[in-house]
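Following: one structure in structure tokens, then a few remarks.
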Amino acid sequence: MKDGWLQNPSNKNILRFYKSQTSSNKMFIVCIDEIVKEEQEIDFIIKEKETLKVNEAVDLWRNLKLKGWKEMKTKI
């Protein structure tokens with residue numbers, strides 16, 4: 001699995017998936033961020049952070065895509 005971003009259909013939250021530095025490729029950190037737009041600036045407020053095993057992260061990614069979450073092609 002590679003690092004990536006998923007955005008929910010309402011465009012209010014994103015999930016960031018990235019490899020844990022301490023556990024090499026065996027763990028992924030998933031952050032739930034709230035997107036806050038004020039004027040022309042975009043900020044992210046971390047609401048929750050969780051460490052998942054790779055297979056759990058892959059399952060979560062797949063399930064969210066089936067529910068309509070969109071993969072963001074570029075990192076913000």
Side-chain angles (χ1 to χ4, degrees):
M1 182 171 179
K2 60 181 172 75
D3 295 356
W5 300 62
L6 287 178
Q7 186 170 16
N8 76 353
S10 69
N11 295 327
K12 292 184 180 177
N13 296 100
I14 60 171
L15 284 181
R16 288 185 288 153
F17 289 73
Y18 60 94
K19 290 183 186 102
S20 171
Q21 297 296 329
T22 58
S23 300
S24 66
N25 292 333
K26 297 185 187 211
M27 301 296 280
F28 265 79
I29 295 175
V30 178
C31 293
I32 300 172
D33 294 342
E34 181 178 359
I35 300 173
V36 178
K37 296 179 183 177
E38 293 183 10
E39 295 180 19
Q40 294 186 355
E41 298 208 9
I42 298 174
D43 289 322
F44 298 98
I45 300 170
I46 296 176
K47 295 173 83 174
E48 191 174 332
K49 190 184 248 187
E50 190 172 328
T51 303
L52 300 175
K53 293 179 182 176
V54 173
N55 58 341
E56 294 171 328
V58 169
D59 288 344
L60 177 60
W61 182 278
R62 185 181 306 120
N63 290 337
L64 289 173
K65 294 246 337 189
L66 290 172
K67 291 179 180 178
W69 287 60
K70 303 291 181 199
E71 185 173 352
M72 297 173 68
K73 299 297 178 191
T74 58
K75 294 182 181 177
I76 298 174

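Starting from 1, each residue takes its place in the sequence as its number.
The distance from the NZ atom of K70 to the CD atom of Q7 is 10.5 Å, given to the nearest 0.5 Å. Taken from CD in E56 to CD in E50, the straight-line distance is 8.0 Å, to the nearest 0.5 Å.
You'll find the side chain of W69 reaches within 4.5 Å of the side chain of L15, heavy atoms only.
For the side chain to side chain contact (heavy atoms under 4.5 Å, CB included) with F17, the lone residue among V58, L6, D3 that qualifies is L6.
The minimum heavy-atom distance between G68 and P9, with the atom names listed, is O-CG, 3.6 Å.
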